[in-house]
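Note that the coordinates shown come from a computational prediction; the quantities given were computed from them, not determined experimentally.
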Amino acid sequence: MTDTIIVISFFRACPQPTMMIFNNTTSSPSTFLLTAFPGLELAHVWISIPVCCLYIIALLGNTMILFVIFVKQRLHKPMYYFLSMLSAADLCLTITTLPTVLGVLWFHAREISFKACLIQMFFVHAFSFLESSVLAIMAFDRFMAICNPLKYATVLKDMMIMVIGLFICIRQLIFIFPMLLALKTISFQERKELSHPFCYHPDIIRDTYSNPWINSFLGLFLQLYMTGTDLMFILVSYVLIIRAVLSIMAPKKQKKALNTCVCHICAVTIFYVPMISLSFTHRLLSSTPRVICSILANVYLLLPPVVNPIIYSLKTRTIRQAMLQLLQTKGSWSRNVRGLRGSWD
């Protein structure tokens with residue numbers, strides 16, 4: 001009895017340590033709450049049908065392009081190497097968000113731990129910035145092919161392409177890690193509710209207890225530096241390409257040169273427009289309805305991985321012919337197998 005009285009009196013006399021412990025628990029929340037389409041929770045099952053179809057198209061399309069480029073020896077060229085990098089970035093970005101998006105839509109699994117959220121955020125931004133860098137390198141590839149065709153094969157050799165790929169991967173890691181470390185200094189709400197079915201940096205730092213100015217500024221700086229410099233490089237490349245094309249006298253050659261850039265221009269448009277719209281919606285338009293942010297987020301994640309394989313398959317004759325040859329080879333092989341089975345029967 002006396003021991004109990006001593007313990008109670010000790011906690012009454014020392015309330016500050018317990019308050020410090022409580023405050024520390026708010027700095028790192030145990031879970032975040034993901035949100036798919038606010039206000040449309042009852043229709044999640046129906047919404048999941050087209051979303052799931054888009055994910056299947058993205059996975060199959062990008063896997064098919066990677067497989068075709070890997071198998072066909074005549075596609076082992078710089079242009080198709082960079083296309084395989086683009087498809088790999090789209091494929092990884094799709095796989096990164098697939099579990100949480102379908103988990104929220106199918107099973108209402110909204111909770112995600114703080115560490116898992118940071119890991120997903122790292123991969124989402126890493127593969128997004130990687131795709132931006134690959135698009136910039138593809139613009140340089142088109143510039144070299146049109147403006148300096150004689151130096152194209154000598155400059156873009158296999159070793160140079162490997163160095164470029166390694167450089168852009170290291171670039172993502174160096175600049176994204178500070179953004180993750182800065183999140184450790186922010187005091188979050190308990191069970192903070194996010195606006196998307198995945199972890200996105202501007203969404204995580206919104207509505208925090210502490211002042212998120214430094215973290216928001218760091219995220220915006222990385223966004224402008226990584227994607228801004230890539231986009232500026234792309235624009236400068238196309239200014240030089242257009243100037244070179246206009247110097248060509250024959251209209252047919254002008255059209256042929258511009259046709260090689262159509263796929264890349266479409267890929268740049270469908271990637272940068274949703275990404276910039278989503279980023280500025282979070283940072284500048286705080287009164288935007290959450291369902292609008294959610295729709296923009298899903299468009300930003302699903303549109304490039306879905307559309308890029310379709311565009312390159314339809315507009316690039318070499319890719320299209322290689323895919324048809326693989327399908328015909330597979331069909332003839334299956335018919336031969338069935339014929340052998342019939343002869344044995």
Minimal heavy-atom distance between L240 and C147, with the atoms involved, is O-SG, 3.7 Å

Output for pair (F82 CZ, M138 CE), nearest 0.5 Å, gives 8.5 Å

Rounding to 0.5 Å, atoms CD (Q325) and CZ (R320) come to a distance of 12.0 Å

- Side-chain donor or acceptor of H76 paired with backbone N/O of I69 under 3.5 Å: yes

*State whether the side chain of E131 and the backbone N or O of A89 hold a donor-acceptor pair below 3.5 Å, judged by distance alone.*
no

Distance only, no hydrogens: is a donor on one side chain within 3.5 Å (strictly under) of an acceptor on the other, for Y80 and T318? yes

Chi angles and distances behind the side-chain contact (heavy atoms from CB on, under 4.5 Å) call for I204, F32: CA-CA 9 Å; I204 291 176; F32 286 120; 4.2 Å; yes

Just by distance, with hydrogens left out, do S87 and Y312 show a side-chain donor and acceptor under 3.5 Å apart? no

>> Could you tell me if the side chain of L93 sits less than 4.5 Å from the side chain of L130, heavy atoms only?
In response: no

Rounding to 0.5 Å, atoms CG (L59) and OH (Y55) come to a distance of 9.0 Å

Heavy atoms of E111 and T31 approach each other most closely as OE1-CG2, 4.1 Å

Exam field: side chain N259 to backbone K255, donor-acceptor pair closer than 3.5 Å:
yes

Would a 4.5 Å heavy-atom cut-off, applied to side chains only, mark I276 and L231 as touching?
yes

Taking every heavy atom of F123 against every heavy atom of T96, the minimum-distance pair comes out as CB-CG2, 3.7 Å

*asked:* Taking A58's backbone N and O only, do any of them form a donor-acceptor pair with N62's side chain (distance below 3.5 Å, no angle check)?
replied: yes

In short, L75 meets A322 closest at the heavy-atom pair CD1-CB, 4.0 Å

Practice item. Look only at the side chain of S132 and the backbone of S128, and say whether a donor-acceptor pair between them is shorter than 3.5 Å. Key: no

Validation row: I164, M85 side chains within 4.5 angstrom (heavy atoms)
no

**Prompt:** Is it the case that one hydrophobic cluster holds both L135 and V273, taking links as side-chain heavy atoms less than 4.5 Å apart, direct or via other members?
**Reply:** no

| message | Which label fits H44 and H108: parallel for a plane angle under 30°, tilted from 30 to 60°, or perpendicular past 60°? | response | parallel

Margin query: Is there a continuous path of hydrophobic side-chain contacts, each under 4.5 Å between heavy atoms, that joins V262 to F271?
Written below: no

- Task: Using the side-chain contact (heavy atoms from CB on, under 4.5 Å) rule, take F107 and L102 through it: C-alpha gap first, then chi angles, then the decisive distance, then the call.
- Result: CA-CA 8 Å; F107 309 108; L102 295 185; over 6 Å; no

Exercise. Should I137 and L173 be regarded as members of a common hydrophobic cluster, given that ILVMFWY residues are connected when their side-chain heavy atoms come within less than 4.5 Å of each other, either directly or indirectly?
Worked result: yes

- prompt: Any idea how Y238 and H264 line up, ring-wise: parallel (<30°), tilted (30 to 60°), or perpendicular (>60°)?
  reply: parallel

To the nearest 0.5 Å, atom NZ of K151 lies from atom CG of L156 at 12.5 Å

So with a 6.0 Å cut-off around CZ of R243, is the heavy-atom count from everything else above 12?
no

Between the CG atom in L303 and the CG atom in L296, the distance rounded to the nearest 0.5 Å is 11.5 Å

*asked:* Counting C-beta onward and ignoring hydrogens, is there a side-chain heavy-atom pair between D141 and Y81 closer than 4.5 Å?
replied: no

Taking T35 for the side chain and L194 for the main chain, is one N or O donor matched with an acceptor at less than 3.5 Å?
-> yes

Quick one, V101 and L34 - any side-chain contact, counting heavy atoms below 4.5 Å? no

To the nearest 0.5 Å, atom CD1 of I265 lies from atom CG of L258 at 7.5 Å

- Message: Counting only heavy atoms from other residues, nucleotides and ligands, does the tally under 6.0 Å from CD1 of I49 exceed 12?
- Response: yes

**Prompt:** If you group Ile, Leu, Val, Met, Phe, Trp and Tyr by side-chain heavy-atom gaps below 4.5 Å, do L166 and F127 land in one group?
**Reply:** yes

**Asked** Taking the inter-plane angle between the rings of F198 and Y200 on a 0 to 90° scale, is it parallel (under 30°), tilted (30 to 60°) or perpendicular (over 60°)?
**Response** perpendicular

task: For the pair R142 and M79, evaluate side-chain contact (heavy atoms from CB on, under 4.5 Å) and give the outcome as yes or no after the intermediate values.
output: CA-CA 8 Å; R142 292 298 85 206; M79 174 183 175; 3.7 Å; yes

Closest non-hydrogen contact found for V104 with A36 is CG1-CB, 3.6 Å

Looking only at heavy atoms, the pair that brings T100 and P197 closest together is OG1-O, 2.8 Å

task = Please report the C-alpha distance between F122 and L118 in whole Å, then the side-chain angles of each, then the deciding distance to 0.1 Å, and finally whether the side-chain contact (heavy atoms from CB on, under 4.5 Å) criterion is met.
result = CA-CA 6 Å; F122 169 78; L118 287 184; over 6 Å; no

Handout entry: Polar side-chain atom of S313 near backbone of I310 as donor-acceptor pair, under 3.5 Å
Key = no

Q) Are V155 and M159 grouped together when hydrophobic residues (ILVMFWY) are joined by side-chain heavy atoms under 4.5 angstrom apart? A) no

- Task: Compare all side-chain heavy atoms of V236 with those of F143 and state whether any distance is below 4.5 angstrom.
- Result: no

**Message:** Determine whether a donor-acceptor pair (N or O, by modelled atom type, separation under 3.5 Å) exists between the side chain of T63 and the backbone of L60.
**Reply:** no

Q) Considering residues, nucleotides and ligands other than K72, do more than 12 of their heavy atoms fall under 6.0 Å from its NZ? A) yes

